[in-house]
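A short write-up of the structure that comes next.
Labels below follow one simple rule: chain letters A, B, ... track the order of the sequence lines, proteins then strands, and each chain is numbered from 1.
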Amino acid sequence: MLKYIDEFRNPDLVKSVVSEIHREFSGKPIKLMEVCGGHTITIFKYGIQKLLPDNIYLISGPGCPVCVTDIGYIDRVIALAHIENVTIASFGDMIRVPGSRSSLQKEKGHGIDVRICYSPMDAVRIAEKNQNKEIVFLGIGFETTAPAVAAAIKFAADNKIHNFSVLSAHKTMPQAMKALLDSGEIDLDGFICPGHVSAITGVHIYDFITSEYRIPCVISGFEPLDMLLSILMIVRQLNRGKAIVENQYIRSVREDGNIHAMEMMMDVFEPVDTEWRGIGTIPGSGLGIRQQYRIFDANWKYNIEIEPVREYTGCICGDIMRGVKVPTDCKLFTKTCHPEDPKGSCMVSDEGTCATWYKYSARD
Amino acid sequence: MKSNDHITLAHGSGGLQSHRLIRELFLEYFGNEFLNPLEDGAILHTNADKLVFTTDSHVVKPLFFPGGDIGKLAISGTVNDLAVCGAIPRWISCGMIIEEGFAIYDLEKIVISMRKTADAADVQIVTGDTKVVEKGNADGIYINTAGIGTLIEGVDLGVHQILPGDSVIINGYIGDHGAAIIRAREEFPVSFDIESDCRPLNRETIALLSKLDGIRIMRDPTRGGVATTLNEFVSGQAFGIQIDENRLPIRPVVQGLCEPLGFDPLHLANEGKILIIIDPNEAQSALEILQSILGNRESRVIGQVIEEPTGKVILKTSIGSSRIIDMLSGEMLPRIC
């Protein structure tokens with residue numbers, strides 16, 4: 001038995017929530033978007049869509065941190081990796097992401113030094129142990145990972161570990177959701193909001209979606225029962241003509257989030273405009289390293305020049321990330337693009353929409 | 001030869017030091033009537049009609065892990081490849097590539113482990129070779145073992161024997177070896193107790209094949225895990241396999257390791273497991289035979305061969321839905337959040 005996990009995979013409880021959704025759903029087609037790779041995985045891994053009424057469509061938004069990272073960033077990382085003495089430290093799934101011309105994995109075969117980390121602090125420790133090397137950590141991810149990266153930078157500052165730096169492409173979620181809604185490309189009836197983001201930020205970051213756009217938001221956990229309950233909560237809001245932010249993931253998310261983590265994050269980072277793959281530049285949606293910590297900012301430390309960015313012809317990762325298209329709409333999907341040789345970022349990470357479709361269901 | 005010495009290039013030169021290494025270490029532990037004359041090859045006798053021949057190279061990091069080491073792995077891996085083909089494993093060759101500077105003490109531990117495992121599997125190491133490469137050109141030690149076994153009379157295993165309705169059996173917990181290696185690498189800062197399941201499986205396969213007629217195919221789900229082996233069974237075939245998630249024997253500690261890392265236990269390596277496809281009427285007897293042998297208590301039927309969809313492995317999920325199980329693609333990389 002795994003505590004806090006098995007209870008949320010209990011088949012009897014799942015059955016009763018599923019029948020409740022079927023009983024309460026009006027039948028009028030609705031589109032619900034999740035914006036977290038972890039949710040995408042749960043939906044596919046447990047076959048959640050198959051349990052739902054036909055007219056409830058679940059679509060994936062820009063929730064996979066690897067997928068939303070723009071190609072130019074990968075190109076810059078590869079350029080950095082080729083600077084003498086530089087060691088790249090990264091979470092595992094970044095190393096397979098294709099840039100314009102190569103990926104870290106391919107370059108590894110040509111002698112660059114790449115280390116896989118489980119936490120940003122691993123990278124700091126590598127820096128401590130290898131004083132003659134420059135360790136650059138790839139800071140990607142949302143509000144969930146940014147505080148840990150901030151903590152690593154503060155630790156390096158306190159301990160004067162100056163051969164450590166971060167190439168930040170951190171992003172924040174609410175602005176991306178706003179950009180999607182403002183584009184008018186998709187007609188959404190509800191957001192299944194990322195529980196781990198809210199564990200840090202608290203529940204109020206989605207208030208503008210319910211008040212300005214009148215779209216129900218439910219902050220959801222990651223087990224099958226969590227997601228089904230969240231879907232039921234959205235269905236009930238729609239039935240009652242409501243649009244409010246509700247918190248299904250109460251066992252992890254407090255109303256105010258994790259104030260300490262937020263302070264840590266905002267001490268080190270400041271909002272900057274940033275490029276989202278497939279969406280474009282979204283004002284204020286990125287996290288740049290503040291002036292005060294700039295010696296830990298790889299962008300400041302190194303003069304990185306790259307050739308113009310090249311997207312793989314035919315790749316529709318951008319459309320998929322915006323929820324406008326699904327993987328099977330892509331001509332490359334399963335033909336020339338598969339997990340062994342990904343052409344776009346959505347096929348790389350386990351959380352990517354294309355990779356998840358490929359792995360769990362696309363070939364049903 | 002002192003155990004606080006280290007391997008030098010001279011140990012691989014073919015000269016005096018090579019001979020000392022062979023006599024004082026390899027013959028000391030591996031010695032038998034085939035190996036002792038130190039001829040260029042071993043002359044083997046058998047009355048068997050058919051022989052099974054296999055080879056496997058072993059590279060593992062770290063070399064010593066909870067529940068085993070590269071030596072135990074090198075013997076078990078080759079024995080198990082022979083065993084699941086329906087053979088009685090008999091003779092093993094051992095080729096070692098050793099990095100200059102490798103501790104003789106560690107080499108001796110590996111050699112002792114190989115001998116112990118060979119004894120447990122009732123096989124003899126009958127020929128061998130040692131090469132030493134300069135420091136930096138190898139990662140400690142690599143071991144290649146080839147093996148010859150005699151096919152049990154009348155045995156004809158293979159994908160061609162599989163029929164819809166057949167049962168799928170596994171002889172115990174899934175993913176222990178993969179989890180033990182992750183643990184031993186200490187990359188993930190959480191401590192938990194898990195041992196590799198690494199061991200020879202020929203007692204199990206011989207017992208099954210000598211008592212039952214309905215075994216269609218057996219395979220050891222090593223790298224790529226149970227998911228990959230099941231996909232190998234169905235690939236291009238006119239049947240599929242359905243596995244029931246609720247019946248999968250997975251230790252909570254292995255499941256708990258996989259959850260945060262985003263790994264699937266079905267993709268973790270096993271070194272002491274057999275997947276068996278068998279006539280459903282004999283499944284219960286197979287379980288009883290397995291459970292009578294030490295180390296197979298958690299044997300169970302985990303699924304069956306189905307007519308549709310063909311060529312696919314389907315998992316009936318714990319919450320009553322279903323999904324595809326795919327082969328492992330690339331190496332397993334921990335995800336970001």
Side-chain angles (χ1 to χ4, degrees), chain A residues 1-3 5-6 9-11 13-15 18 36-38 41 44-51 64-66 90-96 105 116-119 121-122 140-142 144-145 148 194 196-197 223-225 228 338-340 342 348-351 355 358-364, chain B residues 182-183 185-190 192 224 227-228 231 234-235 240 242 244-248 250-267 308-337:
Chain A
M1 278 294 284
L2 294 181
K3 205 163 160 48
I5 288 187
D6 287 351
R9 293 177 190 172
N10 178 318
L13 288 173
V14 163
K15 240 180 239 161
V18 167
C36 176
I41 289 186
F44 280 87
K45 194 168 167 188
Y46 292 93
I48 302 274
Q49 180 80 64
K50 290 179 195 158
L51 300 173
C64 155
V66 168
S90 171
F91 292 125
D93 35 9
M94 273 304 277
I95 75 161
R96 286 215 308 261
Q105 193 163 47
I116 292 174
C117 300
Y118 293 89
S119 127
M121 278 306 291
D122 293 349
I140 72 156
F142 298 106
T144 35
T145 39
H196 291 152
V197 167
E223 295 304 323
L225 194 57
L228 287 162
H338 33 79
E340 295 97 274
V348 175
S349 169
D350 276 349
E351 300 186 356
Y358 186 96
K359 192 167 168 189
Y360 293 128
S361 79
R363 292 159 299 142
D364 265 4
Chain B
I182 295 172
R183 166 78 186 96
R185 286 184 183 165
E186 292 184 339
E187 286 170 355
F188 191 59
V190 172
F192 55 93
T228 301
N231 272 287
V234 301
S235 172
Q242 179 174 285
D244 188 343
E245 188 167 33
N246 286 328
R247 291 196 196 173
L248 295 176
I250 300 171
R251 292 180 202 274
V253 53
V254 173
Q255 186 71 45
L257 170 75
C258 286
E259 290 292 337
L261 293 178
F263 293 164
D264 188 337
L266 291 169
H267 284 147
E308 292 282 338
T310 63
K312 293 191 172 72
V313 181
I314 306 293
L315 180 83
K316 223 174 109 207
T317 68
S318 56
I319 64 166
S321 191
S322 67
R323 67 167 162 100
I324 276 187
I325 305 181
D326 209 353
M327 283 198 188
L328 177 63
S329 168
E331 56 178 328
M332 287 196 291
L333 296 170
R335 66 166 182 246
I336 290 174
C337 66

Minimum heavy-atom distance Tyr46(A)-Thr317(B), with the two atoms named: O-OG1, 3.8 Å
Taking all non-hydrogen atoms of both residues into account, name the closest pair between Pro11(A) and Ser318(B) and its distance. CG-O, 3.1 Å
Check whether any side-chain heavy atom of Leu51(A) sits under 4.5 Å from a side-chain heavy atom of Ile319(B), and report yes or no. yes
So which part of Lys45(A) gets closer than 4.5 Å to some heavy atom of chain B, the side chain, the backbone, both or neither? both
Taking Arg323(B) for the side chain and Gly47(A) for the main chain, is one N or O donor matched with an acceptor at less than 3.5 Å? no
Please report the interatomic distance CD1(Ile324(B)) to OH(Tyr358(A)), rounded to the nearest 0.5 Å. 10.0 Å
